[in-house]
Amino acid sequence: MLSVYSYIRNKFLKYSDRSRDALINIVLSLASKAISILSSLLVVPLTISYVNPTQYGIWLALSSIIAWISFFDLGLGNGFRNKFTEAKAKGEMELTRQYVSTTFFAIGAIVAVVFLVMLVINFFVNWSDILNIDQSYSAELGNIFLILSAFFCLSMVSKLSGTLLTADQKVGVASLVEGGGQLASLIAIYVLTKATIGSLTHLALYFAGVPCVVWMLFSIILFALPAYRDLTPRFSNVRLKLIRNILGLGLQFFIIYLCLIVIFQMLNIVISRELGPDAVTEYNIAYKYFNVLNNVIIIILTPFWSAFTDAYAKRDYVWMKGTVRKLEKLWVITSIGCLLMFVLSQPFYKLWVGTDVNVSYSLSLAVAIYFIVTNLGNTYMYVINGIGTIRLQLVTYAAFAIFAWPLMVWASNNFGIVGIIMIPSVVMVVQAALGKIQLRRLINNTAYGIWAQ
């Protein structure tokens with residue numbers, strides 16, 4: 001037993017401090033993600049049985065619209081993440097305190113405005129018309145929209161504590177909190193199914209509310225700890241001039257995320273309008289199944305975002321080159337795993353959701369391919385995001401976003417739901433190819449023009 005311990009210890013100690021931090025974060029994140037994945041899988045049959053497949057499809061479509069609120073921080077969250085890590089790498093601790101307070105203040109102000117806008121939108125919009133469903137749902141959907149808007153806005157502020165931990169290269173702890181929130185939500189929904197009759201309003205209240213409360217409580221605890229007490233947001237540390245520094249990078253992230261909404265988040269809306277809410281449910285069953293593997297690779301990639309910010313600030317090109325090669329090997333392994341999941345998909349669906357929802361082989365294959373190319377794109381994008389040279393991503397996504405909606409409608413008319421999924425898959429293939437070229441140039445210090453912006 002001692003020799004095994006010594007072997008593992010020696011293997012662990014051979015890594016650099018940056019790599020060890022990333023490894024610790026990956027282990028913690030994998031543990032928390034196991035909880036999240038299990039919660040995500042169990043909550044699907046619970047919610048379908050609590051309402052019904054059609055109502056569940058409506059819930060997913062409306063939830064995807066509300067989720068867009070999280071993009072309206074104008075990219076400040078990701079801009080803060082990079083600027084905080086860069087300032088700490090250079091030993092500028094007073095600047096890190098100012099970045100924390102300024103970001104909390106700025107996003108709090110944005111959230112207040114966004115929520116007011118959502119109130120106005122909800123007053124004028126008929127959600128039954130937007131989702132192309134029966135008018136009998138109109139009043140309830142309006143209430144659900146307000147509930148989800150309120151909790152998503154509160155979450156945007158409270159989750160900044162998680163962004164702070166991620167920027168401080170402690171993403172594993174942030175992941176544990178996220179997993180705890182999802183587990184608490186699962187427990188709440190289970191109690192809901194036993195204590196009440198099916199209600200989309202109750203589902204919205206507990207599904208969105210419980211994780212938000214968990215994050216708010218964690219934020220209070222975090223800034224009470226000695227290690228982070230000095231970083232507690234204070235108006236005296238707010239520096240409005242720093243917003244420009246954060247937005248210089250953050251606004252580019254914001255535009256990218258707007259494009260991602262059009263290209264990726266519109267899927268549920270297009271499917272609902274063109275093929276009906278039942279098709280949304282079928283797609284999301286396949287999506288959640290294959291997303292299990294995607295979650296694993298995101299867990300591994302996430303610590304390297306801030307690690308590459310630190311490495312690039314210190315010009316540690318040797319570490320960056322070696323790490324990229326390892327991440328590319330990881331993608332090959334996960335791609336094989338994704339194909340294996342496709343082979344096992346049909347029996348798993350029957351075991352998971354029974355016979356209430358039928359997901360075709362063609363849909364499963366399309367979603368599997370989508371995640372394979374998405375994982376490749378993310379392998380390069382996460383690293384490049386850490387470096388902060390994201391102008392090429394912005395241009396690429398913007399070019400595709402302009403034509404995304406008509407392309408998806410055309411693909412739906414000609415190839416059905418599989419055609420719709422083909423569009424974002426093509427986007428990620430292009431982005432992966434450009435990302436590989438850009439990253440090689442950055443690490444070799446030969447990038448110029450848009451490749452270095």
Any side-chain heavy-atom pair of R440 and I437 under 4.5 Å:
yes

Would you say Y190 has more than 12 foreign heavy atoms packed within less than 6.0 Å of its OH?
no

Are the side chains of W305 and V383 in contact, using a 4.5 Å heavy-atom criterion?
no

Please confirm whether Y287 and F371 have ring centers closer than 6.0 angstrom.
yes

So OG of S412 and CG of L275: to nearest 0.5 Å the spacing works out to 4.0 Å

Indicate whether the side chain of N375 and that of N378 have a donor and an acceptor atom separated by less than 3.5 Å.
no

My understanding is that only one of L160, I243, L164 makes a side-chain contact (heavy atoms from CB on, under 4.5 Å) with T103; could you say which?
L160

Does either side chain, that of Y361 or that of S345, offer a donor lying less than 3.5 Å from an acceptor on the other one?
no

Separation between CD1 (I417) and OG (S362), nearest 0.5 Å, reads 8.5 Å

Close side-chain approach of Y289 to S364, heavy-atom, < 4.5 Å:
no

What is the minimum heavy-atom distance between I450 and Q438, and which atoms define it?
O-NE2, 4.2 Å

Which of parallel (below 30°), tilted (30 to 60°) and perpendicular (above 60°) describes Y317 and Y312?
perpendicular

What's the verdict on side chain to side chain contact (heavy atoms under 4.5 Å, CB included) for V296 and T334, showing C-alpha distance, side-chain angles and the deciding distance?
CA-CA 9 Å; V296 173; T334 56; 5.8 Å; no

Full working for side-chain hydrogen bond (donor to acceptor under 3.5 Å, both in side chains) between S161 and S219
CA-CA 6 Å; S161 58; S219 297; 2.9 Å; yes

L442 to A452 - nearest heavy-atom pair and separation:
CD2-CA, 4.3 Å

Let's go through F304 and Y382 carefully: what are the C-alpha distance in whole Å and the side-chain angles of both, what is the deciding distance for ring-ring contact (aromatic ring centres under 6.0 Å, His included) to 0.1 Å, and is it a yes or a no?
CA-CA 7 Å; F304 290 103; Y382 267 64; over 10 Å; no

CE-CG distance between M428 and L376, expressed to the nearest 0.5 angstrom
8.0 Å

Report the distance from atom NZ of K159 to atom CE of M216, rounding to the nearest 0.5 Å.
13.0 Å

In this structure, are over 12 heavy atoms from other groups packed under 6.0 Å from F403 atom CZ?
no

Between F151 and F207, is there a side-chain heavy-atom distance shorter than 4.5 Å?
no

Which heavy-atom pair separates T379 from W331 by the least distance, and what is that distance?
OG1-CB, 4.2 Å

Apply side chain to side chain contact (heavy atoms under 4.5 Å, CB included) to W410 and I420, showing your working.
CA-CA 8 Å; W410 171 84; I420 297 175; over 6 Å; no

Y283 and V367: CA distance, side-chain angles, deciding distance, side chain to side chain contact (heavy atoms under 4.5 Å, CB included) verdict
CA-CA 8 Å; Y283 162 68; V367 175; 4.3 Å; yes

Using side-chain heavy atoms (C-beta onward) and a distance below 4.5 Å, is F308 in contact with N385?
no

Should the pair F80 and F84 be assigned to parallel (<30°), tilted (30 to 60°) or perpendicular (>60°) ring geometry?
tilted

Which atom pair, heavy atoms only, marks the closest approach of V210 to A188?
CG2-CB, 3.8 Å

Salt-bridged, D168 to K170, with N to O below 4.0 Å?
yes

Give a yes-or-no answer on whether the side chains of Y99 and E86 include a donor-acceptor pair shorter than 3.5 Å.
no

Please indicate whether R315 has more than 12 foreign heavy atoms, meaning atoms of other residues, nucleotides or ligands, lying under 6.0 Å from its CZ.
yes

Rounded distance [0.5 Å steps], CZ in F342 versus CD1 in I372
10.5 Å

4.5 Å side-chain heavy-atom contact, N413 and E274
yes

Quick one: do Y349 and E282 satisfy side-chain hydrogen bond (donor to acceptor under 3.5 Å, both in side chains)? Show the steps, please.
CA-CA 10 Å; Y349 295 147; E282 293 167 16; over 6 Å; no

Search all heavy atoms of G77 against all heavy atoms of I107 and return the closest pair with its distance.
N-CD1, 4.1 Å

Tell me the closest heavy-atom pair linking M408 and P424, and the distance in Å.
CE-CD, 4.3 Å

Student check: side-chain heavy atoms of R81 and S306 closer than 4.5 Å
yes

State the CE-CD1 distance between M381 and I256, to the nearest 0.5 angstrom.
9.0 Å

Pair I423-V426, side chain to side chain contact (heavy atoms under 4.5 Å, CB included): steps then yes or no:
CA-CA 5 Å; I423 304 304; V426 171; 5.9 Å; no

So for atom OH, which belongs to Y206, do other residues, nucleotides or ligands contribute more than 12 heavy atoms lying within a distance under 6.0 Å?
no

